[in-house]
Amino acid sequence: MDSNGGGAAQARETGTLGKLMVLLDLVTHADAPLRFTDILALAGQPRGTLHRQLSHLVEEGLLELDGDGRYAPGLRLLDFAARSWARNEFRLIAEPHLRDLQQATGETVHLGVLRGQSIIYLDKVEGRQPVRMYSQIGNASPCYCTGVGKAALSLLPAESLVDLIAGLSFTSFTASTHVSAETLLAEIREIADQGYAFDREEHEAGIRCVAAPVWSEDRTFMGGISITGPAYRLSMELLHQWAVPVQLAAVRIMEGMRVRLGPRR
């Protein structure tokens, strides 16, 4: 079960829509379908109210209830996601540059956006190599142990960066994961100076990447792109060589955003 569910419940406690969104968050981010008692414990809502809200979500196709009494995301959510994704102009701007980067390196390329303390992966171009990493569009990863996440953090104003890092709960995914605010902050400042970031097997053992930040002019979008692959194939020397191509791709994406999403005259 996803440990962030309780935080979602605490973040929006008032309003009918807010409460429904909490339930959608809990079910869609859980590692497995949830029973009513699981949701009751996480949501902190009265039993009768919770039952009515879950029934409404099932009736609308936003949640599904299986024969064992477990709740899972409904097919209508997939329809919403597909329609939103098809109309996402930013993704369309970035896509050709992601493909060019993948063609140049042969490795998997990711595009992600910073949301709170997490990186949400918006797009992915699969590598050509026979051994590839597993990742999925829409998944969230911690910002402090991913290349895209650290690249995005390097865009934050100093005060916002310090506040965000102070609120992190560090999990040691590998022996290379940052486990202190001090070491992470020092690396983020280095990334801000050099313009690119590395994931040195920090989130997943055996996986490395080089990433560059991407942002919109008004800073409403802050994220990054990365070239990712297995450590046995992506030496740190090679990743340093790819720092320039990934930065150039980031610049081209930002130029595309400036032209197509900028103010209309």
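Nothing here was measured: the structure is a model prediction, and the numbers come from that model.
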Tell me whether M21 shares a hydrophobic cluster with L62, the cluster being built from Ile, Leu, Val, Met, Phe, Trp, Tyr side chains joined at under 4.5 Å. yes
Are more than 12 heavy atoms from other residues, nucleotides or ligands located less than 6.0 Å from atom CD of Q194? yes
Those residues at least two apart in sequence (or on a different chain) that pass side chain to side chain donor-acceptor pair (under 3.5 Å) with E190 are none
Cluster link V58 to L42, ILVMFWY, side chain under 4.5 Å: yes
Applying the side-chain contact (heavy atoms from CB on, under 4.5 Å) test to L54, which of I39, L40, L20, T49 qualifies? I39
Write down the atom of A205, the atom of T174, and the distance for their closest heavy-atom approach. N-CG2, 3.5 Å
For R70 and P33, which heavy atoms make the closest approach, and how far apart are they? CB-CB, 3.7 Å
Gap separating the CG atom of L114 from the CG atom of L156, nearest 0.5 angstrom: 6.0 Å
Expected output: side-chain Y144 to main-chain A181 donor-acceptor under 3.5 Å: no
Are H110 and Y121 near enough that their ring centres are under 6.0 Å apart? yes
Note: I119 and T146 closest approach over all heavy atoms is CG1-OG1, 4.3 Å
Which class fits the ring pair Y196 and H240: parallel under 30°, tilted 30 to 60°, perpendicular over 60°? perpendicular
Does a side-chain N-to-carboxylate-O contact under 4.0 Å join R252 and E255? no
Answer yes if the side chains of T108 and E126 hold a donor-acceptor pair under 3.5 Å, and no otherwise. yes
Any side-chain heavy atom of S226 sitting closer than 4.5 Å to one from V246? no
For the pair H178 and T183, evaluate side-chain hydrogen bond (donor to acceptor under 3.5 Å, both in side chains) and give the outcome as yes or no after the intermediate values. CA-CA 7 Å; H178 282 288; T183 61; 2.9 Å; yes
For the side chain of R99 and the backbone of V125, is there at least one donor-acceptor N/O pair under 3.5 Å apart? no
Just so I know, are the side chains of L23 and Y71 near enough to count as touching, which here means a heavy-atom distance under 4.5 Å? no
Pair T171, T177 - check side-chain contact (heavy atoms from CB on, under 4.5 Å), show working. CA-CA 8 Å; T171 298; T177 308; over 6 Å; no
4.5 Å side-chain heavy-atom contact, H51 and P46: no
Should L111 and E95 count as side-chain neighbours, where that means a heavy-atom distance under 4.5 Å? no
For I227 and L234, which heavy atoms make the closest approach, and how far apart are they? O-CD2, 4.4 Å
Does any non-hydrogen side-chain atom of L50 lie less than 4.5 Å from one of R47? no
What one should report as the nearest heavy-atom pair of A151 and P213 is O-CB, 3.5 Å
In E237, E201, E107, E202, the residue satisfying salt bridge (Lys or Arg N to Asp or Glu O under 4.0 Å) with R208 is E201
Please answer: with hydrophobic residues joined when any side-chain heavy atoms are less than 4.5 Å apart, are W242 and M236 in the same cluster? yes
Rounded to the nearest 0.5 Å, how far apart are CD of E64 and CG of L57? 12.5 Å
Looking at CD of Q117 and CD1 of I165, how far apart are the two atoms once the value is rounded to the nearest 0.5 Å? 10.5 Å
To the nearest 0.5 Å, what is the distance between CG (L63) and OG (S55)? 10.5 Å
Stepwise side-chain contact (heavy atoms from CB on, under 4.5 Å) test for L98 and Q102: CA-CA 6 Å; L98 302 181; Q102 185 268 352; over 6 Å; no
Measuring only between side-chain heavy atoms, which start at C-beta, is I225 closer than 4.5 Å to H97? no
Side-chain touch L168/P142, heavy atoms, less than 4.5 angstrom: no
Between the main-chain N or O of D199 and the side-chain N or O of K150, is there a donor-acceptor pair closer than 3.5 Å? no
Rounded to the nearest 0.5 Å, how far apart are OG of S216 and CG of L155? 9.5 Å
Considering all heavy atoms, the nearest S141-H203 contact: OG-CE1, 3.6 Å
Go through F173 and E204 one step at a time and tell me if the side-chain contact (heavy atoms from CB on, under 4.5 Å) criterion holds. CA-CA 7 Å; F173 293 98; E204 188 175 349; over 6 Å; no
Any L239 side-chain heavy atom under 4.5 Å of C209 side chain: no
Would you compute the distance between atom CD1 of I253 and atom CZ of R258 and round it to the nearest 0.5 angstrom? 15.0 Å
